[in-house]
Amino acid sequence: MSIEANLHKIKSAIPKDVTLVAVSKTKPVNDLMQAYNAGQRIFGENKIQEMTEKWEQMPKDIEWHMIGHVQRNKVKYMAAYVTLIHGVDSLKLLKEINRQAAKNNRTINCLLQIHIAEEETKFGMDENELISLLNSDEYHQLQNIKISGLMGMATFTNDMEQIKKEFSFLKSLFDKLKTRHPDFSILSMGMSSDFPLAIECGSTMVRIGSSIFGKRNYA
Ligand SMILES: *Cc1c(COP(=O)(O)O)cnc(C)c1O
């Protein structure tokens, strides 16, 4: 199927109030333009340099989401244009994003990444780290960032019960925080293999790559 057909199929499978991030990492601008021409305006990338090259070449009404792990020394390359950073996992990183956002006279929206998977290799904070960040004076002094919610990645497994447990945990954490942080509106969870389950568990934003653009070749 074409990228356009894939996109339409995914869009018809997700409710209107769930935001679709088209994950275009490793794919050429040509492929992204096919999605753009089919109406897609939100793209997700996991490498700052690659995202910046694509941003430079593509129409300027696109929202660029950084969904990968962010190195602090690279924040400056995306600070002028990035719409949402999904993978914020420390106060240190948040402070650097704030610094670069201020330089650009912007407020940058961020999600805090929570570690919900079994794999140690996946990034993210645990509940205690999250609470202490949100309660810290340093966080409250940051004027150029806005935390809009949480992001998580489930374990890479076929065990749907396991995945459901992880998504449900993240959703309950999100609901708990929302009472004290009314700005929290985004719960980013779900990819090609598990997005229907993520939506069932309360996701408001899904990040879908291979089901739109086809398999990635990392060679
Ligand atoms: C690559 C990636 C995705 C998309 O994965 P697919 O399985 O291709 O849909 C989603 N989220 C993150 C953080 C990713 O790195």
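Numbering of ligands and ligand atoms starts at 1, following listing order.
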Considering distance alone, does some N or O of R216 sit under 3.5 Å from an N or O of ligand 1?
->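 Yes, at least one N or O pair falls under 3.5 Å.
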Heavy-atom contacts with [X] under 4.0 Å: which atoms of ligand 1 show up? List them by number with element.
{"X": "G209", "value": "4 (C), 6 (P), 8 (O), 9 (O)"}
{"X": "I208", "value": "9 (O)"}
{"X": "I67", "value": "2 (C), 11 (N), 12 (C), 13 (C), 14 (C), 15 (O)"}

For [atom], find the nearest protein heavy atom and state the residue, atom name and distance (0.1 Å precision).
{"atom": "atom 9 (O) of ligand 1", "value": "S192 OG, 2.6 Å"}
{"atom": "atom 14 (C) of ligand 1", "value": "K25 NZ, 2.9 Å"}
{"atom": "atom 4 (C) of ligand 1", "value": "R207 O, 3.7 Å"}
{"atom": "atom 5 (O) of ligand 1", "value": "M191 CE, 3.7 Å"}

- prompt: Quick one: do the Y139 and N98 side chains pair a donor with an acceptor below 3.5 Å?
  reply: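 Note: Y139 and N98 side chains miss the donor-acceptor criterion.
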Side-chain donor-acceptor contact under 3.5 Å, E96 with Q100:
yes
**Request:** State whether the side chain of S192 and the backbone N or O of S211 hold a donor-acceptor pair below 3.5 Å, judged by distance alone.
**Result:**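 Pair found, side chain donor or acceptor close to backbone of S211.
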- [ ] Look at the aromatic rings of F184 and F174 and report parallel, tilted or perpendicular, splitting at 30° and 60°.
- [x]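 Geometry flag for F174 against F184: parallel rings.
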Exercise. Aromatic rings H65 and H86: how do their planes relate, parallel, tilted or perpendicular, breaks at 30° and 60°?
Worked result: tilted
Discussion item. Using side-chain heavy atoms (C-beta onward) and a distance below 4.5 Å, is D31 in contact with S24?
Written reply: no
